[in-house]
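Down below is the structure, laid out as C-alpha cells.
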Amino acid sequence: MTSTSDVPPTTQPGEPDWTAIIQGFYDTLDDIQAAPDSTRIDELCAPGSPCRNTLGAQIEALERDGWRVVDVSRTLVSDGALAGTPDDVPLSESQLAIVRAQLSSAGGDPGRIIDANGETLFDIDPSPLPDIPTNYIVQRHSDGTWRLFEIL
C-alpha cells in the first residue's frame with residue numbers, strides 16, 4: 001500500500017471530484033443523523049467496512065433510541081485530492097482510493113442530540129476542526145459511485 005505521506009495529492013483531468021465526494025459523505029451523514037434511518041447507511045458506508053461498523057452502529061443506536069442530531073455546524077470540505085491507491089495500481093483498476101481533504105466547520109452554535117420529545121440529552125462540542133488534512137479510504141460501489149470505507 002502506498003504511504004499517503006509519501007505521495008503528493010493530485011487531481012488529474014477526468015478524475016472524480018474528490019472534494020465533492022467527501023463533502024457528500026458529510027452531508028449524507030448530517031442528513032441521516034438528523035432523521036436516523038438505518039436503511040440509509042449504505043448510502044454512506046461501504047458494506048463490511050470500518051465505516052459501516054462504526055458510523056452504522058451509531059446511526060442504528062440513534063434510530064433505536066429515538067434520538068437525533070440537531071443544530072450541528074456543517075463540516076466543509078476543501079482541497080480533496082487523490083493521494084494514492086493500494087499497491088499503486090491506476091485508479092481505473094482499483095476498487096479503493098486514498099483521498100486527502102482539508103476540513104473546516106461552518107461555525108455556529110453547538111449541535112445537540114435530542115430525544116423523541118425534543119429534550120436535549122447531549123451538547124456537541126463546537127470546537128474548531130484541526131487545521132490538518134484528513135485521509136479517507138473510499139471504495140468504488142457497484143454503480144460506479146464511491147462509499148466511505150474508513151477515515152484514517
Side-chain angles (χ1 to χ4, degrees), residues 1 4-5 7-11 15-86 91 94-152:
M1 179 180 232
T4 59
S5 61
V7 178
T10 60
T11 301
E15 242 183 56
D17 183 343
W18 297 114
T19 301
I21 289 167
I22 302 299
Q23 183 67 64
F25 293 155
Y26 281 101
D27 292 346
T28 299
L29 178 60
D30 287 349
D31 287 348
I32 295 172
Q33 288 178 329
D37 179 355
S38 58
T39 64
R40 294 189 61 202
I41 296 168
D42 291 337
E43 294 175 28
L44 173 64
C45 298
S49 67
C51 173
R52 181 65 177 85
N53 296 336
T54 305
L55 290 176
Q58 291 172 7
I59 292 163
E60 288 167 346
L62 287 170
E63 181 180 40
R64 178 190 64 240
D65 295 337
W67 299 356
R68 61 191 173 100
V69 176
V70 297
D71 303 329
V72 70
S73 295
R74 184 173 185 228
T75 298
L76 302 175
V77 178
S78 61
D79 301 324
L82 181 67
T85 62
L91 181 63
S94 182
Q95 289 299 106
L96 297 172
I98 302 161
V99 178
R100 182 176 298 138
Q102 184 69 42
L103 305 179
S104 63
S105 174
D109 296 328
R112 300 177 293 130
I113 296 177
I114 62 172
D115 65 15
N117 297 320
E119 296 295 321
T120 298
L121 301 169
F122 305 99
D123 288 322
I124 299 172
D125 183 3
S127 298
L129 295 167
D131 190 25
I132 57 172
T134 301
N135 292 316
Y136 304 83
I137 298 176
V138 298
Q139 184 175 35
R140 192 184 319 266
H141 192 259
S142 60
D143 65 4
T145 61
W146 296 90
R147 298 294 186 272
L148 183 59
F149 187 84
E150 184 174 16
I151 300 173
L152 302 175

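Index from 1, following the sequence. All heavy atoms count here, side chains included; hydrogens, waters and symmetry mates do not.
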Closest approach of [X] to [Y] (non-hydrogen atoms, all atoms of both residues):
X	Y	answer
Ala97	Thr85	CA-CG2, 4.4 Å
Ala46	Arg147	N-CB, 3.5 Å
Ile113	Val69	CG1-CG2, 4.1 Å
Arg40	Asp31	NH1-CB, 3.9 Å
Pro36	Trp67	CG-O, 3.1 Å

query = Are Val77 and Thr134 side-chain neighbours, meaning at least one heavy-atom pair lies under 4.5 Å?
reply =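 With C-beta onward as the side chain, the pair stays apart.
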query = Mind checking whether Leu103 and Tyr26 have side chains closer than 4.5 Å, heavy atoms only?
reply =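 Answer yes - side chains close enough.
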First locate atom [atom1] of [X], then atom [atom2] of [Y], and finally report the distance between them rounded to the nearest 0.5 Å.
X	Y	atom1	atom2	answer
Leu91	Arg140	CG	CZ	5.0 Å
Asn135	Ile22	CG	CD1	10.0 Å
Cys45	His141	SG	NE2	11.5 Å
Leu148	Ile41	CG	CD1	12.5 Å
Arg68	Ile114	CZ	CD1	3.5 Å
Arg52	Glu60	CZ	CD	5.0 Å

Would a distance-only check, ignoring hydrogens and angles, find a side-chain to backbone donor-acceptor pair under 3.5 Å from [X] to [Y]?
X	Y	answer
Glu63	Ser38	yes
Thr54	Pro50	yes
Gln102	Ser78	no
Asn117	Glu119	no

request  = Show your reasoning for whether side chain to side chain contact (heavy atoms under 4.5 Å, CB included) applies to Val99 and Ile21.
outcome  = CA-CA 10 Å; Val99 178; Ile21 289 167; over 6 Å; no
ask   = Would you call Asp27 and Arg74 a salt bridge, using N to O less than 4.0 angstrom?
value =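 Yes, Asp27 and Arg74 are salt-bridged.
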query = Do Thr28 and Glu43 have a side chain donor and acceptor closer than 3.5 Å?
reply =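 Glu43 and Thr28 do not have a side-chain donor-acceptor pair below 3.5 Å.
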query = Are Leu29 and Ile59 close enough, and set up right, to give a side chain to side chain contact (heavy atoms under 4.5 Å, CB included), and what steps lead you there?
reply = CA-CA 9 Å; Leu29 178 60; Ile59 292 163; 4.1 Å; yes
request  = Using the side chain to side chain contact (heavy atoms under 4.5 Å, CB included) rule, take Val138 and Trp18 through it: C-alpha gap first, then chi angles, then the decisive distance, then the call.
outcome  = CA-CA 10 Å; Val138 298; Trp18 297 114; 3.8 Å; yes
